[in-house]
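Here is how names work: the chains are called A, B, and so on, in the same order as the sequence lines, proteins then strands, and each is numbered from 1. Please read these numbers as outputs of a predicted model, since none were measured by experiment.
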Amino acid sequence: MKYSHSKIEKKWQKIWARHNFRIWHASDNPTKKHIYILDMFPYPSGEGLHVGHVEGYTASDILSRFYRMQGYDVLHPMGWDAFGLPAENYALKTKKPPQDIVPKNIKRFKEQLRALGFSYDWSREINTTDPNYYKWTQWIFLQLFKKGLAYEEEAYVNWCPNCKTVLADEEVEEGKCDRCGTEVERKKLKQWVLKITAYADRLLKDLDLLAWPERVKTMQRNWIGRSEGVEITFKIADSDRYLKVFTTRPDTLFGATYLVLAPEHPLINDITSSTYQNEVRRYIEESLKKSDFERQTNIKEKTGVFTGTYAINPANKERIPIWISDYVLMNYGTGAIMAVPAHDERDFSFAQEFHLMIKEVISPDGKEHLSLDKPYTGEGILVNSGPFDGIHSTIAREKITFYVNGQKVINYKLRDWIFSRQRYWGEPIPIIKCPRCGNVAVPEKDLPLKLPMIKKYEPTGEKESPLADISSWVKVKCPQCGGEALRETNTMPQWAGSSWYYLRYLDPKNKKFLVDPKKEKTWLPVNIYIGGVEHAVLHLLYARFWHKFLYDIGVVSTLEPFHKLINQGIILGEDGEKMSKSRGNVINPDSIIKQYGADSLRMYEMFLGPLAFSKPWSSQGIIGIYRYLNRVWDLIVNSKNFDVIPAKAGIRDSHLHGNDKLRRKDEFIMTPEAKKQLNHNLEALERIRHRTIQKVTEDIKNCHFNTAISSLMEYTNKLTEIPTSYINKKYFDTLVILLSPFAPHLSEELWHSYLKHRRLVAQEPWPTFSKKYLEDKNITIVIQVNGRIRGTVEVAKDSSQEKVQKEAKSIIKKYLTGQNIRKVIFVPNKLINFVIKS
RNA sequence: GCCGAUGUGGUGAAAUUGGUAAACACGCGAGGUUUAGGACCUCGUGCCGCAAGGCUUGAAGGUUCGAGUCCUUCCAUCGGCACCA
């Protein structure tokens, strides 16, 4: 019998699919040990599943199957993140509504996931575009609105002229739209904004609670960008106005030789002296035209303009000029800085450009230097700082802050989350704009506020979404005063639905509430969350924000949603480059499944290397796994290996051919050496079985799937060395059970049809190992002289030093003759090291 | 520039607390089987050397009886952030 992967896989997929895959359903039984293993749900694009999805989903499937066999109640759900631009853009291109396209894509994805044998609990399937789902997305928005955490604000925002919508800061990469690559523009627009900054501190601090990869935590820390500093007030000279600046280095205050305002700073009009007004106006116009990105690209060349006005440095009462420059950003700190060119690179280059005074106040060696050719940004001793001379900068920070009555403040780089999109395919924002009452929440009983079908969903390119055209939908009575009002026509961003989906899996059909508190307590937090690193500052930050908000209003009981996060690495093309259509190096999972089967694909991706590494695909490599599965099949089904030992032992079997060999397996006459070898192998086999169970168990727990597979191969190789007829069936049972999370179809087939078990292998308890079998009776001890290996000796386990030393000495006699042994280091069951004088 | 991760054969990679570096595979070489190719099976395969032996985990130091593993400095690759005062 040949291993026919496609037949076997179809057969078992059909069996698993009975009763909507009931065998994979989580039971919600509160008395059982439970574990929540979650995948980042896919965006069902028209492209279908790629090999990167397969990697993460296989890892989580192995874990799920493993924990089920270990007796856990496992929650392993799947769903669809289907709102957002890709579906809508595809709809525009094909002139079909997204409502038609999305279900088709979902169907394709679901078939592909099924063809890979993933053990999802499909009874909990969710879809972010389903009104029964987004009802609760809207509900969460309303709670944010009621707490004042969702509000409208007129601000400069990122506008993508191609996607014709605003974007969140997180969606802009190097000044470009992360979706289409178009350079974003700066537009002043009134937008819905979520106050994520109110949670900045908690989002930062609680990272310490999480078992996440360090780089993801670092990315979030950098993104939140907390910095402690001081606000210092400067008096404007010849005026009774004041100006606040933010600095993290108040110790350098005596070196502040000018101030700089952002071009958007509200005080500019009031303080600019009449002679400089034209110049200032021109400069501001120029810089407001630039996008944030343009302002940030030319880092070296500084531009700016003098206001003609001076301020008083509160430390030394010196008059210092006030300048305007676009290297100062309005939306960080106070939009104004004190410039200390001697100790800051940006201020230094600005001062050089405009010939402003550079005054040294921090010196690494405590001496004054006549001139600086570059700024010194480190700590040191204060000079030129009046009463503070000679004090170390770290101490002077406090003292000078107190001296000038500075206010300690904490600033964050994190900005509030711009939450409206001028596009059709998203959750409608449940707000009614009433000319009398202002923004009014849609009553909760009217949720979901359904997204209406529409003829033209092209983006308007204006601040309204295409929904604005449907007057029957837009015109509405104000729920508060009953007067004529209009609906908000903007929709939510793609990230809304994915910010809480892990909660809905717990209770997907609950009509009364987002999630039953009892179920929430049973399952949260998610124990293991697997997905790509590309969501580090988008989805993962947004979801943590919403979760913390839901915690505050009592919907969830844990501080954090995802306890352990695992990022799978990227699978590169065979050329070592990122897979892409234009490079032509894309590997299609469907064709791999067709050629080698889902089991081979799953197992190959796991064998490739550590889960978190980026690894290139190798079409030779998958053949290696395919061969291995064939060997397992042959071992159990065809028992091809039976003649190995006799052949080695010198029995001539050349007159036997093909199937004759199989039939004649019991007729071998063994030579004494062959018998001895066989007995030795059989004795070793039980220890190897236990060790393999231990290794595979621990490796799966640690997600070391590549080494788990290695030890399965070693175990299989050992079994192949012994004639099948001598092997107790339990050795094959163990192999198939251990293999089943990796290659479930093949395993079920062998388990059922050849090892003749009645239950599914997936429902078999995971095997256990016992300590007493883990170690050999005899142990090889390494013999070293001065730490260099000179030989080995086999002794009984736990032999005394005396005994080992005696034997070892005789083995490496030639290295010791005439030498003075100074010291002997003995590590029981490991090594013995003779230290001799040289 | 700052932050994070990673550097081991021809390739993907293994290696409890520091204790036989290169497990498991791919590739390659030789042989077997096969009408042939493919598939399969057996043996070999870090480097130098005929051998004895010596060398080897990005580089250089250090700690130790002993370092891929610990410490210091440096280099390279990948990823993230980047005028955030």
Side-chain angles (χ1 to χ4, degrees), chain A residues 173-174 213-223 225-227 229 245-249 252 260 295-300 302 325-329 331-340 343-347 349-350 377 411-415 533-534 536-537 569-570 576 604 607-610 612-625 627-628 630-631 634 640-641 643-644 647-648 654 657-658 698 704 706-714 716-717 720 780-792 822-827 829-836:
Chain A
E173 268 172 27
E174 292 192 332
E214 210 42 56
R215 63 173 167 160
V216 177
K217 291 203 214 178
T218 307
M219 279 164 79
Q220 291 213 350
R221 283 191 192 106
N222 290 345
W223 190 259
R226 179 192 150 101
S227 67
V245 304
F246 174 75
T247 178
T248 53
R249 292 294 300 268
T252 63
V260 189
R295 273 169 72 164
Q296 287 169 19
T297 29
N298 256 338
I299 288 175
K300 278 180 194 134
K302 295 272 183 288
S325 174
D326 61 13
Y327 83 89
V328 175
L329 308 173
N331 48 10
Y332 184 78
T334 61
I337 60 155
M338 62 181 220
V340 185
H343 306 292
D344 182 282
E345 279 175 30
R346 297 148 302 180
D347 298 345
S349 53
F350 190 84
T377 56
N411 264 315
Y412 297 94
K413 283 192 223 173
L414 184 71
R415 308 279 154 77
V533 73
E534 65 273 16
V537 289
I570 301 163
Y604 171 62
F607 186 60
L608 210 47
F613 280 28
S614 289
K615 306 148 280 210
W617 180 271
S618 152
S619 31
Q620 278 302 330
I622 190 154
I623 293 174
I625 287 289
R627 273 185 212 155
Y628 170 70
N630 269 288
R631 272 206 302 278
D634 287 340
K640 251 199 233 175
N641 70 319
D643 61 344
V644 170
K648 259 190 193 161
S654 51
H657 281 286
E698 283 169 9
H704 296 161
N706 54 331
T707 51
I709 293 169
S710 294
S711 55
L712 282 172
M713 286 172 169
E714 280 178 88
T716 310
N717 290 345
T720 321
T780 307
I781 299 239
V782 176
I783 311 168
Q784 298 183 333
V785 175
N786 283 349
R788 304 192 71 109
I789 290 145
R790 295 305 184 188
T792 58
R822 230 176 39 192
K823 199 170 155 191
V824 178
I825 286 155
F826 176 67
V827 184
N829 298 325
K830 278 262 161 68
L831 76 124
I832 183 154
N833 186 9
F834 298 97
V835 186
I836 60 177

Where the side chain of V328(A) is concerned, which of rA85(B), rC83(B), rC24(B) is the nearest nucleotide? rA85(B)
Could you please spell out the steps behind the side chain to side chain contact (heavy atoms under 4.5 Å, CB included) verdict for K830(A) and I781(A)? CA-CA 5 Å; K830(A) 278 262 161 68; I781(A) 299 239; over 6 Å; no
Using the ring of Y327(A) (Phe, Tyr or Trp, six-membered ring only), decide whether K302(A) places NZ or CZ under 6.0 Å from its centre and within 45 degrees of its axis. yes
R221(A) atom CZ is separated from rG4(B) atom C1', nearest whole Å, by 11 Å
Apply ring pair (Phe, Tyr, Trp, His ring centres under 6.0 Å) to Y604(A) and list each qualifying residue two or more places apart in sequence or on a separate chain. W617(A)
Of the candidates rC81(B), rG80(B), rA85(B), the side chain of S227(A) sits closest to rA85(B)
Between rC24(B) and rC71(B), how far apart are the P atoms? Round to whole Å, please. 31 Å
With syn defined as a glycosidic angle within 90 degrees of 0 and anti as anything else, the base of rG37(B) is anti
By side-chain hydrogen bond (donor to acceptor under 3.5 Å, both in side chains), S711(A) pairs with (sequence neighbours left out) none
Taking atom C1' in both rU17(B) and rC83(B), what distance in whole Å separates the two? 48 Å
In whole angstrom, give me the gap between the C1' atoms of rA76(B) and rU57(B). 16 Å
Classify the nucleic acid contact of N706(A) as base, sugar-phosphate or nothing, counting any heavy atom under 4.0 Å across all strands shown. sugar-phosphate
Going by side-chain contact (heavy atoms from CB on, under 4.5 Å), name the residues that satisfy it together with I570(A), two or more places apart in sequence or in a different chain. L572(A), S614(A)
So what does K413(A) hit on the nucleic acid, given a heavy-atom distance under 4.0 Å: a base, only sugar-phosphate, or nothing? base
Compare side-chain N and O positions of N717(A) against OP1 and OP2 of rA25(B) and report whether any pair is under 4.0 Å apart. yes
Output all residues satisfying side-chain hydrogen bond (donor to acceptor under 3.5 Å, both in side chains) with T780(A), sequence neighbours left out; order by chain, then residue number. none
For N717(A), give me all partners under side-chain hydrogen bond (donor to acceptor under 3.5 Å, both in side chains), at least two apart in sequence or on another chain. none
For the C1' atoms, the ones on rG44(B) and on rU35(B), what distance do you get once it is rounded to whole angstrom? 29 Å
Classify F607(A) by what it touches in the nucleic acid, base, sugar-phosphate, or nothing, heavy-atom distance under 4.0 Å. base
When rounded to the nearest Å, what value does the distance between C1' atoms of rC28(B) and rG80(B) take? 40 Å
How would nucleotides 15-21 of chain B be written as a contact map, 5' to 3', with B for base contact, S for sugar-phosphate-only contact and - for no contact, using protein heavy atoms under 4.0 Å? --B-BBS
Polar contact flag, side-chain donor to acceptor under 3.5 angstrom, S227(A)-Y332(A): yes
Using the C1' atom as the reference point in each nucleotide, state the distance between rA14(B) and rA22(B) in Å, no decimals. 7 Å
Show your reasoning for whether side chain to side chain contact (heavy atoms under 4.5 Å, CB included) applies to F826(A) and N833(A). CA-CA 6 Å; F826(A) 176 67; N833(A) 186 9; over 6 Å; no
Under the 3.5 Å rule, do the base of rC83(B) and the side chain of K302(A) count as making a donor-acceptor pair? yes
Non-neighbouring partners of T334(A) that pass side-chain hydrogen bond (donor to acceptor under 3.5 Å, both in side chains), sequence neighbours left out: none
Extract the stems that RNA chain B is part of, considering only consecutive pairing runs of at least three Watson-Crick or G-U wobble pairs, both distances under 3.5 Å. B:1-7 with B:75-81, B:10-12 with B:24-26, B:27-32 with B:40-45, B:46-48 with B:53-55, B:58-62 with B:70-74
At a cut-off of 3.5 Å, list every protein nitrogen or oxygen paired with a nitrogen or oxygen from nucleotides 51-54 of chain B, distance to 0.1 Å.
{"unit_1": "rG53(B)", "atom_1": "OP1", "unit_2": "K814(A)", "atom_2": "NZ", "d": "3.4"}
{"unit_1": "rG54(B)", "atom_1": "OP1", "unit_2": "R790(A)", "atom_2": "NH1", "d": "3.4"}

Suppose we screen for side-chain contact (heavy atoms from CB on, under 4.5 Å). Which residues come up paired with T218(A), at least two apart in sequence or across chains? E214(A), R221(A), N222(A)
Please give the distance between the P atoms of rG66(B) and rG1(B) as a whole number of Å. 38 Å
Could you tell me whether P610(A) contacts a base, only the sugar-phosphate backbone, or nothing, with contacts defined as non-hydrogen atoms closer than 4.0 Å? sugar-phosphate
Which one, rA14(B), rA5(B), rA85(B), comes nearest to the side chain of I337(A)? rA85(B)
Between L831(A) and Q784(A), does the side chain to side chain contact (heavy atoms under 4.5 Å, CB included) criterion hold? Intermediate values first, please. CA-CA 7 Å; L831(A) 76 124; Q784(A) 298 183 333; 3.4 Å; yes
Tell me which nucleotide among rA13(B), rA85(B), rA23(B) gets nearest to the side chain of K615(A). rA13(B)
Rounded to whole Å, please give me the gap between CD in E214(A) and P in rC2(B). 19 Å
Using the rule given for side chain to side chain contact (heavy atoms under 4.5 Å, CB included), can you reason through I832(A) versus V824(A), listing the C-alpha separation, both sets of side-chain angles and the distance that settles it, and then say yes or no? CA-CA 7 Å; I832(A) 183 154; V824(A) 178; 3.8 Å; yes
Could you go over nucleotides 26-28 of chain B and give all protein N or O partners under 3.5 Å, atom names and distances?
{"unit_1": "rC26(B)", "atom_1": "OP1", "unit_2": "R627(A)", "atom_2": "NH1", "d": "2.7"}
{"unit_1": "rC26(B)", "atom_1": "O3'", "unit_2": "Q620(A)", "atom_2": "OE1", "d": "3.4"}
{"unit_1": "rG27(B)", "atom_1": "OP1", "unit_2": "Q620(A)", "atom_2": "OE1", "d": "2.2"}

Taking OP1 and OP2 of rA25(B), is either one under 4.0 Å from a side-chain nitrogen or oxygen of Y628(A)? no
Set of salt bridge (Lys or Arg N to Asp or Glu O under 4.0 Å) partners for K413(A), sequence neighbours left out: none
Rounded C1' spacing from rA60(B) to rA13(B) in Å: 27 Å
